[in-house]
Amino acid sequence: MSDSAPNLPGVRLRAALDQVPAYVPGKPAAAPEGVTAYKISSNENPYSPLPSVVDVIHEAAGGINRYPDMAVTGLTQALADKLGVPAEHIATGTGSVGVLGQVIQALCDPGDEVVYAWRSFEAYPIVTALAGANSVQVGLDDHARHRLDAMRAAITDRTKVVIVCTPNNPTGPMVTHTELERFLDDVPDHVLVVIDEAYVEFVTGDDAPRSIDLYRERPNVMVLRTFSKAYGLAGLRVGYAVAHEPVAQALRKTAVPFGVNSIAQAAAVASLEAYDELKERVDSLVAERTRVVEALRGQGWFIPDTEANFVWFGLGERSAAFAEAAQEAGLTVRRYGDDGVRATIGETEANDVLIKVAGDFLSDNPVNPS
Ligand SMILES: *Cc1c(COP(=O)(O)O)cnc(C)c1O
(Lines give C-alpha, C1' and ligand atoms only; values in the text may rest on other atoms or scores of the structure.)
Protein backbone atom coordinates (compact mmCIF):
# COMPACT_ATOMS: atom_id res chain seq x y z
CA MET A 1 0.00 0.00 0.00
CA SER A 2 2.64 2.49 1.01
CA ASP A 3 6.35 2.87 1.74
CA SER A 4 7.15 -0.80 2.18
CA ALA A 5 10.65 -0.72 3.63
CA PRO A 6 13.30 -2.56 1.63
CA ASN A 7 14.46 -5.69 3.41
CA LEU A 8 18.10 -5.31 4.37
CA PRO A 9 20.26 -8.38 3.94
CA GLY A 10 19.69 -10.59 6.94
CA VAL A 11 16.93 -8.43 8.41
CA ARG A 12 13.41 -9.67 7.83
CA LEU A 13 10.66 -7.21 8.58
CA ARG A 14 7.18 -8.53 9.30
CA ALA A 15 5.11 -8.79 6.13
CA ALA A 16 2.29 -7.09 8.07
CA LEU A 17 4.21 -3.82 7.83
CA ASP A 18 3.58 -3.77 4.08
CA GLN A 19 -0.11 -3.31 4.92
CA VAL A 20 0.49 -0.35 7.22
CA PRO A 21 -0.53 2.93 5.60
CA ALA A 22 1.78 5.81 6.47
CA TYR A 23 0.14 8.33 8.79
CA VAL A 24 -0.17 11.65 6.99
CA PRO A 25 0.29 14.42 9.56
CA GLY A 26 -1.34 17.80 9.05
CA LYS A 27 1.15 20.04 7.25
CA PRO A 28 2.68 22.99 9.11
CA ALA A 29 1.11 26.35 8.42
CA ALA A 30 2.46 28.07 5.31
CA ALA A 31 1.25 31.07 3.39
CA PRO A 32 2.31 33.34 0.54
CA GLU A 33 4.28 36.39 1.65
CA GLY A 34 2.21 39.00 3.40
CA VAL A 35 -0.64 36.59 4.13
CA THR A 36 -1.28 35.35 7.69
CA ALA A 37 -0.87 31.58 7.98
CA TYR A 38 -3.32 29.43 9.93
CA LYS A 39 -2.95 25.70 10.50
CA ILE A 40 -6.43 24.28 10.49
CA SER A 41 -5.41 20.78 9.41
CA SER A 42 -5.11 18.82 12.67
CA ASN A 43 -8.18 19.73 14.76
CA GLU A 44 -5.97 21.37 17.33
CA ASN A 45 -7.25 23.85 19.86
CA PRO A 46 -6.27 27.33 18.65
CA TYR A 47 -5.91 28.63 22.23
CA SER A 48 -2.57 28.30 24.00
CA PRO A 49 -2.61 26.48 27.34
CA LEU A 50 -4.06 28.31 30.35
CA PRO A 51 -1.44 30.24 32.36
CA SER A 52 -2.25 28.08 35.39
CA VAL A 53 -1.49 24.94 33.36
CA VAL A 54 1.75 26.43 32.00
CA ASP A 55 2.82 27.12 35.62
CA VAL A 56 2.26 23.47 36.52
CA ILE A 57 4.24 22.42 33.43
CA HIS A 58 7.16 24.64 34.49
CA GLU A 59 7.12 23.16 37.94
CA ALA A 60 6.96 19.57 36.67
CA ALA A 61 9.87 20.28 34.32
CA GLY A 62 12.11 20.65 37.39
CA GLY A 63 11.65 16.96 38.17
CA ILE A 64 12.25 15.27 34.86
CA ASN A 65 15.52 13.69 35.94
CA ARG A 66 13.16 11.17 37.61
CA TYR A 67 10.98 8.59 35.87
CA PRO A 68 7.30 9.48 35.91
CA ASP A 69 4.83 7.73 38.19
CA MET A 70 4.38 4.52 36.23
CA ALA A 71 0.89 3.92 37.63
CA VAL A 72 -0.19 7.48 36.69
CA THR A 73 -1.84 7.57 40.11
CA GLY A 74 -2.89 11.21 40.37
CA LEU A 75 -4.41 11.52 36.93
CA THR A 76 -6.10 8.13 37.14
CA GLN A 77 -7.74 9.05 40.44
CA ALA A 78 -8.76 12.49 39.15
CA LEU A 79 -10.43 10.91 36.11
CA ALA A 80 -12.12 8.24 38.22
CA ASP A 81 -13.52 10.93 40.54
CA LYS A 82 -14.71 13.10 37.68
CA LEU A 83 -16.42 10.25 35.83
CA GLY A 84 -17.63 8.34 38.88
CA VAL A 85 -15.95 5.08 37.88
CA PRO A 86 -13.48 2.80 39.71
CA ALA A 87 -9.84 3.86 39.29
CA GLU A 88 -9.04 0.31 38.10
CA HIS A 89 -11.27 0.95 35.09
CA ILE A 90 -9.11 3.85 33.85
CA ALA A 91 -6.13 3.11 31.60
CA THR A 92 -3.95 5.92 30.29
CA GLY A 93 -1.62 6.06 27.32
CA THR A 94 0.40 8.26 25.01
CA GLY A 95 -2.56 9.99 23.43
CA SER A 96 -5.75 8.10 22.70
CA VAL A 97 -4.03 6.80 19.56
CA GLY A 98 -1.53 5.16 21.88
CA VAL A 99 -4.36 3.66 23.94
CA LEU A 100 -6.10 2.43 20.80
CA GLY A 101 -2.90 0.70 19.71
CA GLN A 102 -2.83 -1.00 23.11
CA VAL A 103 -6.44 -2.13 22.60
CA ILE A 104 -5.70 -3.74 19.24
CA GLN A 105 -2.50 -5.30 20.55
CA ALA A 106 -4.39 -6.73 23.51
CA LEU A 107 -7.26 -8.20 21.48
CA CYS A 108 -6.15 -8.99 17.95
CA ASP A 109 -4.12 -11.85 16.55
CA PRO A 110 -3.14 -11.91 12.87
CA GLY A 111 -6.22 -12.48 10.73
CA ASP A 112 -8.66 -11.10 13.30
CA GLU A 113 -11.00 -8.35 12.18
CA VAL A 114 -11.57 -4.78 13.30
CA VAL A 115 -14.78 -3.17 12.03
CA TYR A 116 -15.11 0.60 11.70
CA ALA A 117 -16.78 3.20 9.51
CA TRP A 118 -14.96 4.76 6.60
CA ARG A 119 -14.03 7.51 6.12
CA SER A 120 -13.10 7.81 9.70
CA PHE A 121 -9.99 8.42 11.77
CA GLU A 122 -6.81 7.61 9.86
CA ALA A 123 -5.14 5.89 12.80
CA TYR A 124 -7.64 2.98 12.65
CA PRO A 125 -6.18 1.22 9.58
CA ILE A 126 -2.66 1.80 10.92
CA VAL A 127 -3.09 0.28 14.39
CA THR A 128 -5.09 -2.58 12.88
CA ALA A 129 -2.50 -3.44 10.24
CA LEU A 130 0.35 -3.19 12.76
CA ALA A 131 -1.19 -6.07 14.68
CA GLY A 132 -1.54 -8.10 11.48
CA ALA A 133 -5.32 -7.83 11.85
CA ASN A 134 -7.69 -7.00 8.99
CA SER A 135 -9.68 -3.80 8.65
CA VAL A 136 -13.34 -4.15 7.70
CA GLN A 137 -14.39 -0.68 6.59
CA VAL A 138 -18.09 0.13 6.34
CA GLY A 139 -18.93 3.12 4.16
CA LEU A 140 -20.69 6.16 5.62
CA ASP A 141 -24.18 7.12 4.45
CA ASP A 142 -25.09 10.13 2.26
CA HIS A 143 -24.99 12.40 5.27
CA ALA A 144 -21.50 11.22 6.23
CA ARG A 145 -22.92 9.29 9.20
CA HIS A 146 -22.13 5.80 10.51
CA ARG A 147 -24.33 3.01 9.12
CA LEU A 148 -24.57 1.02 12.34
CA ASP A 149 -26.84 -1.65 10.78
CA ALA A 150 -24.23 -2.34 8.12
CA MET A 151 -21.51 -2.35 10.77
CA ARG A 152 -23.49 -4.93 12.76
CA ALA A 153 -23.85 -7.02 9.61
CA ALA A 154 -20.08 -6.86 9.05
CA ILE A 155 -19.32 -8.59 12.36
CA THR A 156 -18.06 -12.17 11.97
CA ASP A 157 -16.53 -14.81 14.24
CA ARG A 158 -13.16 -13.19 13.57
CA THR A 159 -14.28 -9.74 14.73
CA LYS A 160 -12.58 -8.71 17.95
CA VAL A 161 -13.14 -4.97 17.98
CA VAL A 162 -15.66 -2.50 16.56
CA ILE A 163 -14.74 1.18 16.68
CA VAL A 164 -17.51 3.78 16.70
CA CYS A 165 -16.09 7.26 16.15
CA THR A 166 -18.54 9.83 17.50
CA PRO A 167 -18.46 12.60 16.42
CA ASN A 168 -16.86 11.11 13.32
CA ASN A 169 -13.50 12.46 12.24
CA PRO A 170 -13.24 13.78 9.51
CA THR A 171 -16.92 14.25 8.63
CA GLY A 172 -18.48 15.62 11.85
CA PRO A 173 -21.77 13.83 12.64
CA MET A 174 -22.30 11.91 15.88
CA VAL A 175 -24.28 8.73 16.37
CA THR A 176 -27.22 9.16 18.74
CA HIS A 177 -27.60 7.44 22.08
CA THR A 178 -30.71 5.68 20.80
CA GLU A 179 -28.91 4.35 17.73
CA LEU A 180 -25.90 3.28 19.72
CA GLU A 181 -27.95 1.47 22.34
CA ARG A 182 -29.90 -0.42 19.67
CA PHE A 183 -26.61 -1.36 18.00
CA LEU A 184 -25.04 -2.54 21.26
CA ASP A 185 -28.10 -4.69 22.04
CA ASP A 186 -27.30 -6.58 18.88
CA VAL A 187 -23.50 -6.90 19.08
CA PRO A 188 -22.22 -10.27 20.33
CA ASP A 189 -20.66 -10.21 23.82
CA HIS A 190 -17.25 -11.31 22.60
CA VAL A 191 -16.78 -8.15 20.52
CA LEU A 192 -15.27 -5.11 22.25
CA VAL A 193 -16.97 -1.91 21.14
CA VAL A 194 -14.67 1.11 21.42
CA ILE A 195 -16.54 4.43 21.50
CA ASP A 196 -13.94 6.95 20.33
CA GLU A 197 -15.02 10.29 21.77
CA ALA A 198 -12.03 12.50 21.00
CA TYR A 199 -14.41 15.45 20.45
CA VAL A 200 -17.04 14.71 23.10
CA GLU A 201 -16.62 18.11 24.79
CA PHE A 202 -17.82 19.85 21.61
CA VAL A 203 -21.06 17.88 21.32
CA THR A 204 -24.26 19.89 21.75
CA GLY A 205 -26.78 17.83 19.75
CA ASP A 206 -29.90 16.13 21.08
CA ASP A 207 -29.77 12.50 22.15
CA ALA A 208 -25.97 12.56 22.38
CA PRO A 209 -24.43 9.26 23.45
CA ARG A 210 -24.21 8.80 27.22
CA SER A 211 -21.20 6.64 26.73
CA ILE A 212 -20.24 6.27 30.37
CA ASP A 213 -23.73 4.89 31.08
CA LEU A 214 -23.32 2.46 28.20
CA TYR A 215 -19.96 1.32 29.56
CA ARG A 216 -21.49 0.87 33.03
CA GLU A 217 -24.23 -1.37 31.68
CA ARG A 218 -22.10 -3.46 29.33
CA PRO A 219 -18.80 -5.27 29.97
CA ASN A 220 -17.90 -5.19 26.26
CA VAL A 221 -18.08 -1.39 25.90
CA MET A 222 -15.04 0.86 26.27
CA VAL A 223 -14.85 4.65 26.07
CA LEU A 224 -11.78 6.33 24.59
CA ARG A 225 -11.01 10.00 25.29
CA THR A 226 -8.15 12.45 24.97
CA PHE A 227 -6.62 15.63 26.34
CA SER A 228 -5.51 16.63 22.83
CA LYS A 229 -8.55 18.51 21.55
CA ALA A 230 -10.81 20.40 23.97
CA TYR A 231 -8.17 20.38 26.71
CA GLY A 232 -5.56 21.78 24.35
CA LEU A 233 -2.72 19.41 25.29
CA ALA A 234 -2.09 17.78 21.90
CA GLY A 235 1.66 18.26 22.26
CA LEU A 236 1.84 16.35 25.54
CA ARG A 237 0.22 13.08 24.38
CA VAL A 238 -2.29 11.97 26.98
CA GLY A 239 -5.36 9.87 26.36
CA TYR A 240 -7.33 7.33 28.37
CA ALA A 241 -9.78 4.49 28.26
CA VAL A 242 -12.66 3.68 30.56
CA ALA A 243 -13.05 -0.08 30.40
CA HIS A 244 -14.06 -3.07 32.46
CA GLU A 245 -11.77 -5.88 33.49
CA PRO A 246 -10.15 -7.76 31.90
CA VAL A 247 -9.76 -5.06 29.21
CA ALA A 248 -8.49 -2.30 31.50
CA GLN A 249 -5.82 -4.58 32.93
CA ALA A 250 -4.81 -5.71 29.43
CA LEU A 251 -4.37 -2.05 28.51
CA ARG A 252 -2.02 -1.58 31.42
CA LYS A 253 -0.03 -4.64 30.27
CA THR A 254 0.31 -3.37 26.70
CA ALA A 255 1.20 0.22 27.67
CA VAL A 256 4.66 1.54 26.98
CA PRO A 257 6.25 1.57 30.46
CA PHE A 258 6.39 5.17 31.77
CA GLY A 259 4.75 6.26 28.51
CA VAL A 260 2.73 9.13 29.97
CA ASN A 261 5.48 11.47 31.14
CA SER A 262 5.43 13.47 34.35
CA ILE A 263 4.82 16.83 32.67
CA ALA A 264 1.86 15.37 30.80
CA GLN A 265 0.45 13.82 33.96
CA ALA A 266 0.69 17.09 35.89
CA ALA A 267 -0.73 19.18 33.04
CA ALA A 268 -3.66 16.81 32.55
CA VAL A 269 -4.57 16.94 36.24
CA ALA A 270 -4.32 20.75 36.22
CA SER A 271 -6.47 20.91 33.08
CA LEU A 272 -9.17 18.76 34.65
CA GLU A 273 -9.17 21.15 37.61
CA ALA A 274 -9.37 24.17 35.28
CA TYR A 275 -12.10 22.72 33.12
CA ASP A 276 -14.61 25.49 33.87
CA GLU A 277 -12.18 27.97 32.36
CA LEU A 278 -11.41 25.68 29.42
CA LYS A 279 -15.14 25.14 28.87
CA GLU A 280 -15.54 28.82 28.03
CA ARG A 281 -13.10 28.33 25.18
CA VAL A 282 -14.90 25.20 24.03
CA ASP A 283 -18.17 27.13 24.10
CA SER A 284 -16.74 29.89 21.95
CA LEU A 285 -15.38 27.34 19.45
CA VAL A 286 -18.84 25.77 19.32
CA ALA A 287 -20.36 29.20 18.67
CA GLU A 288 -17.82 29.74 15.90
CA ARG A 289 -18.69 26.33 14.48
CA THR A 290 -22.34 27.34 14.27
CA ARG A 291 -21.42 30.62 12.60
CA VAL A 292 -19.15 28.90 10.04
CA VAL A 293 -21.63 26.14 9.19
CA GLU A 294 -24.47 28.63 8.72
CA ALA A 295 -22.32 30.86 6.51
CA LEU A 296 -21.16 27.95 4.34
CA ARG A 297 -24.64 26.51 3.97
CA GLY A 298 -25.85 29.99 3.12
CA GLN A 299 -23.33 30.03 0.28
CA GLY A 300 -24.86 26.80 -1.04
CA TRP A 301 -22.46 24.20 0.36
CA PHE A 302 -23.66 20.85 1.59
CA ILE A 303 -21.95 20.60 4.99
CA PRO A 304 -22.77 17.52 7.10
CA ASP A 305 -23.99 18.25 10.63
CA THR A 306 -20.92 18.59 12.79
CA GLU A 307 -20.70 18.06 16.54
CA ALA A 308 -16.91 18.47 16.60
CA ASN A 309 -14.39 21.28 16.07
CA PHE A 310 -14.20 20.90 12.30
CA VAL A 311 -16.26 20.97 9.12
CA TRP A 312 -16.23 18.60 6.15
CA PHE A 313 -16.39 19.57 2.50
CA GLY A 314 -17.29 16.51 0.41
CA LEU A 315 -15.55 17.89 -2.66
CA GLY A 316 -14.66 14.72 -4.54
CA GLU A 317 -12.30 15.45 -7.40
CA ARG A 318 -12.20 19.12 -6.58
CA SER A 319 -10.54 18.52 -3.21
CA ALA A 320 -7.06 19.38 -4.48
CA ALA A 321 -8.24 22.61 -6.09
CA PHE A 322 -9.99 23.66 -2.90
CA ALA A 323 -6.97 22.84 -0.72
CA GLU A 324 -4.81 24.88 -3.05
CA ALA A 325 -7.17 27.86 -2.97
CA ALA A 326 -7.21 27.69 0.82
CA GLN A 327 -3.42 27.56 0.94
CA GLU A 328 -3.15 30.66 -1.22
CA ALA A 329 -5.29 32.45 1.33
CA GLY A 330 -3.05 31.23 4.16
CA LEU A 331 -5.14 28.29 5.36
CA THR A 332 -3.55 24.88 5.65
CA VAL A 333 -6.51 22.48 5.53
CA ARG A 334 -6.54 18.70 5.52
CA ARG A 335 -7.24 17.02 2.18
CA TYR A 336 -8.30 13.38 2.03
CA GLY A 337 -7.39 12.29 -1.49
CA ASP A 338 -10.36 12.80 -3.76
CA ASP A 339 -12.91 12.38 -0.98
CA GLY A 340 -12.93 15.81 0.53
CA VAL A 341 -11.33 18.40 2.75
CA ARG A 342 -11.58 18.90 6.51
CA ALA A 343 -11.12 22.31 8.05
CA THR A 344 -10.68 22.86 11.79
CA ILE A 345 -12.63 25.64 13.51
CA GLY A 346 -9.87 27.99 14.60
CA GLU A 347 -9.54 31.56 15.76
CA THR A 348 -12.20 33.95 14.44
CA GLU A 349 -9.83 35.42 11.82
CA ALA A 350 -9.05 31.95 10.41
CA ASN A 351 -12.75 31.13 10.26
CA ASP A 352 -13.44 34.37 8.41
CA VAL A 353 -10.80 33.48 5.83
CA LEU A 354 -12.30 30.01 5.46
CA ILE A 355 -15.75 31.44 4.80
CA LYS A 356 -14.30 33.84 2.23
CA VAL A 357 -12.26 31.14 0.45
CA ALA A 358 -15.23 28.77 0.34
CA GLY A 359 -17.52 31.47 -1.05
CA ASP A 360 -15.03 32.47 -3.73
CA PHE A 361 -14.44 28.83 -4.63
CA LEU A 362 -18.15 28.24 -5.16
CA SER A 363 -18.47 31.33 -7.36
CA ASP A 364 -15.55 30.10 -9.48
CA ASN A 365 -16.83 26.49 -9.53
CA PRO A 366 -20.61 26.84 -9.55
CA VAL A 367 -21.54 23.12 -9.38
CA ASN A 368 -22.75 22.44 -5.87
CA PRO A 369 -20.58 19.70 -4.42
CA SER A 370 -22.15 17.20 -2.08
C1 LIG B 1 -7.53 13.53 17.42
C2 LIG B 1 -8.20 12.20 17.59
C3 LIG B 1 -7.81 11.33 18.58
C4 LIG B 1 -6.82 11.76 19.61
O5 LIG B 1 -5.56 11.50 19.36
P6 LIG B 1 -4.49 11.67 20.50
O7 LIG B 1 -3.59 10.53 20.24
O8 LIG B 1 -5.17 11.56 21.82
O9 LIG B 1 -3.88 13.00 20.28
C10 LIG B 1 -8.47 10.12 18.72
N11 LIG B 1 -9.49 9.80 17.93
C12 LIG B 1 -9.91 10.63 16.98
C13 LIG B 1 -11.09 10.26 16.16
C14 LIG B 1 -9.26 11.85 16.76
O15 LIG B 1 -9.68 12.66 15.79
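These numbers were taken from a predicted model, which means no experiment stands behind them. Counting convention: from 1, in listed order, for ligands and their atoms alike. Because only heavy atoms are used, hydrogens play no part in the values below, and waters and symmetry mates are left out as well, while side chains stay in.
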Sub-4.5 Å side-chain heavy-atom contact between S135 and Y116: yes
Top protein contact for atom 15 (O) of ligand 1, by heavy-atom distance: Y199 OH, 2.5 Å
Student check: side-chain heavy atoms of F202 and L285 closer than 4.5 Å: yes
Heteroatom proximity flag, Y124 to ligand 1, N/O under 3.5 Å: no
Whether D196 lies under 4.0 Å from ligand 1, heavy atom: yes
Interfacing atoms of ligand 1 (cut-off 4.0 Å, heavy-atom, C165): 13 (C)
Interfacing atoms of ligand 1 (cut-off 4.0 Å, heavy-atom, K229): 1 (C), 2 (C), 3 (C), 4 (C), 14 (C), 15 (O)
Residue pair S52 / D55, side-chain donor-acceptor N/O under 3.5 Å: no
Ligand-residue contact atoms, ligand 1 with G95, heavy atoms, under 4.0 Å: 6 (P), 7 (O), 8 (O)
Ligand 1 to T94 polar contact by distance, N or O atoms, under 3.5 Å: no
Residue part near ligand 1, for F227, under 4.0 Å between non-hydrogen atoms: neither
With a cut-off of 3.5 Å and sequence neighbours excluded, list every side-chain donor-acceptor pair involving residues 236-249.
| residue | atom | partner | partner atom | Å |
| --- | --- | --- | --- | --- |
| R237 | NH1 | S228 | OG | 3.4 |
| R237 | NH1 | A234 | O | 3.2 |
| H244 | NE2 | Y215 | O | 2.5 |
| E245 | OE1 | Q249 | N | 3.0 |
| E245 | OE2 | R252 | NH2 | 3.3 |

Pairs where residues 260-288 contributes a residue and the test ring pair (Phe, Tyr, Trp, His ring centres under 6.0 Å) is met, not counting sequence neighbours: Y231-Y275
Sub-4.0 Å atoms of ligand 1 with respect to non-hydrogen atoms of N169: 13 (C), 14 (C), 15 (O)
Ligand 1 contact on S96 by region, counting heavy-atom pairs under 4.0 Å: both
Test of ring centre spacing under 6.0 Å for F302 and W312: no
Nearest-neighbour protein heavy atom for atom 7 (O) of ligand 1, which is reported as residue plus atom name and distance: R237 NH2, 2.6 Å
Contact atoms of ligand 1, heavy-atom distance to A198 under 4.0 Å: 2 (C), 3 (C), 10 (C), 11 (N), 12 (C), 14 (C)
Ligand 1 to G98 polar contact by distance, N or O atoms, under 3.5 Å: no
Aromatic ring proximity W301/F322, centre distance under 6.0 Å: yes
Intermediate values then yes/no, side chain to side chain donor-acceptor pair (under 3.5 Å), T344 and R334: CA-CA 9 Å; T344 307; R334 181 61 183 277; over 6 Å; no
Basic-acidic side-chain contact under 4.0 Å: D185, R152: no
Atoms in ligand 1 flagged as close to S228, the criterion being non-hydrogen separation under 4.0 Å: 6 (P), 8 (O), 9 (O)
